[in-house]
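Only one structure is covered here, and it is reproduced in the block below.
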Amino acid sequence: MQKILDFDLEQTLECGQCFRWERQPDGSYTGVASGHILNISEENIPQIAQDEFWGNYFDLKRDYAKIRADLSAADRTLARAAQFAPGMRILNQEPWEALCSFILSQNNNIPRIRGIVKRLCEQFGEPIGDGFFAFPTPERIAALEPEALCEIRCGFRAKYVVDAARKVASGVIDLERLKTAELSDAREQLMQIHGVGPKVADCTLLYGLHRLEAFPMDVWMKRAMQTLFPGRSPEAFGCYAGIAQQYIFHYSRCNPELFAQERQHAG
DNA sequence: GACCAGGTATTGC
DNA sequence: GCAATACATGGT
């Protein structure tokens, strides 16, 4: 079995694109996607890469070395960011899970987002054995009133999650269709949801619909663009701008000293 | 206690 | 249009 290059579990699962994977004491990661449970480690990557579902989930068929080389050739700083986490891959997460997770991410911090998503799954997701839960379906959440979400402690975001669930469950928004729609149209449709603005829409496009040209612009990316790429715009990074974004986001978060003069106190 | 967290809706100009 | 502000909750 061939060794999978350009794939690192920590870089991929702890770079801020997903919230349900948990690192185990032995360094492996356990998670759930589309109702499937997986434990993945450096040792079993080759086997898992053979599996159609997981191979696609981890985007293992894509030539990230080539993408990284192209991005690196375009910009010296981008080359440094890409080299910082060359094993990072953009997951193929479920569209609804990505939409819902990033609605919950707004004005929130990553550890707390993880806790909210965990409680959401435990309270409203289907048990799939061994104490694991599937991500709750939009239909299940659509049937709730926002008040029913108070036990997951997501605060003012409860009404946003319910609105998203209702628009998806009713077919007002067809997430699958957005995979092939014009990017700007897909973005506008997502922004019909109460609580979905440009940033959450772009996260949904990139992480849930695998639209690799989408470029979510959060506070970190705004700082990074100002400081590291003055005068550049996301479009300059081309059709893989989303991957560039993830390299830059991860690099920035792991090296906050780059922005020391702009931030009073980090973390 | 103030301030912050992978933002967004609302309000006021 | 664009700048200010509230929003739930939990950590520093």
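Note that this is a predicted model, so its numbers are computed, not measured. Letters go in sequence order (proteins before strands), and every chain restarts at 1.
When the C1' atom of dG6(B) is taken as reference, atom CD of Q93(A) falls 13 Å away, rounded to whole Å. The CG-C1' distance, from N107(A) to dC3(B), rounds to 11 Å in whole Å. Taking atom OH of Y160(A) as the reference point, atom C1' of dT8(B) lies 5 Å away to the nearest angstrom. If you measure from atom CD of Q106(A) to atom P of dA6(C), you get 17 Å, rounded to the nearest angstrom. One can place NE2 of H194(A) at 8 Å from C1' of dT8(B), the figure rounded to the nearest angstrom. Across the protein-nucleic acid pair, R114(A) atom CZ and dG11(C) atom P stand 15 Å apart, rounded to whole Å. Regarding F156(A), its CZ atom lies at a distance of 14 Å from the P atom of dA6(C), rounded to whole Å. In this structure, CD of Q192(A) is placed 12 Å from P of dA9(B), rounded to the nearest angstrom.
If you check the side chains of Y64(A) and D59(A), you find a donor sitting under 3.5 Å from an acceptor. Between the side chains of E182(A) and S184(A), no donor N or O sits under 3.5 Å from an acceptor N or O.
Look at the P atom in both dA4(C) and dC4(B): the space between them is 15 Å, to the nearest Å. Across dC2(C) and dG6(B), the matching C1' atoms stand 23 Å from one another, rounded to whole Å. Spacing between dA2(B) and dC7(C) at atom P, rounded to whole Å, works out to 16 Å. Using P as the reference atom, dA8(C) and dT11(B) are 14 Å apart when rounded to the nearest Å. The gap from the C1' atom of dA6(C) to that of dA5(B) amounts to 16 Å, rounded to the nearest Å.
Remark: R157(A) is not in phosphate contact with dA8(C), judged by side-chain N or O atoms under 4.0 Å from OP1 or OP2. Residue R153(A) places no side-chain N or O under 4.0 Å from the OP1 or OP2 atom of dA8(C).
No more than 12 heavy atoms of other residues, nucleotides or ligands lie within 6.0 Å of CD in E126(A), so this atom counts as exposed by the packing criterion. In this structure, K159(A) places its NZ atom where more than 12 heavy-atom neighbours from other residues, nucleotides or ligands lie under 6.0 Å away. Applying the 6.0 Å contact sphere to CD of Q24(A) captures more than 12 heavy atoms from other residues, nucleotides or ligands.
With hydrogens and angles ignored, a donor-acceptor pair closer than 3.5 Å exists between the side chain of R112(A) and the base of dT9(C).
Ion pair D70(A)/K66(A) flagged as a salt bridge, since at least one NZ, NE, NH1 or NH2 atom sits closer than 4.0 Å to an Asp/Glu carboxylate oxygen.
Hydrophobic cluster of I37(A): the remaining members, joined at side-chain heavy-atom separations below 4.5 Å, are V32(A), I128(A), F132(A), listed by chain and number.
Nucleic acid contact for K159(A): sugar-phosphate only, since backbone atoms but no base atoms lie under 4.0 Å from a heavy atom of the residue.
Using a 4.0 Å cutoff on non-hydrogen atoms, no part of residues 195-211 of chain A comes near DNA chain C.
Nearer the 5' end of DNA chain B, as judged by each residue's closest nucleotide, is the contact made by C15(A), out of M191(A) and C15(A).
Identified under the side-chain hydrogen bond (donor to acceptor under 3.5 Å, both in side chains) test for residues 91-102 of chain A, with sequence neighbours left out: N92(A)-H210(A).
Once the 5.5 Å centre distance and the 30° plane angle are applied, the aromatic ring of F249(A) is found stacked with the base of dG6(B).
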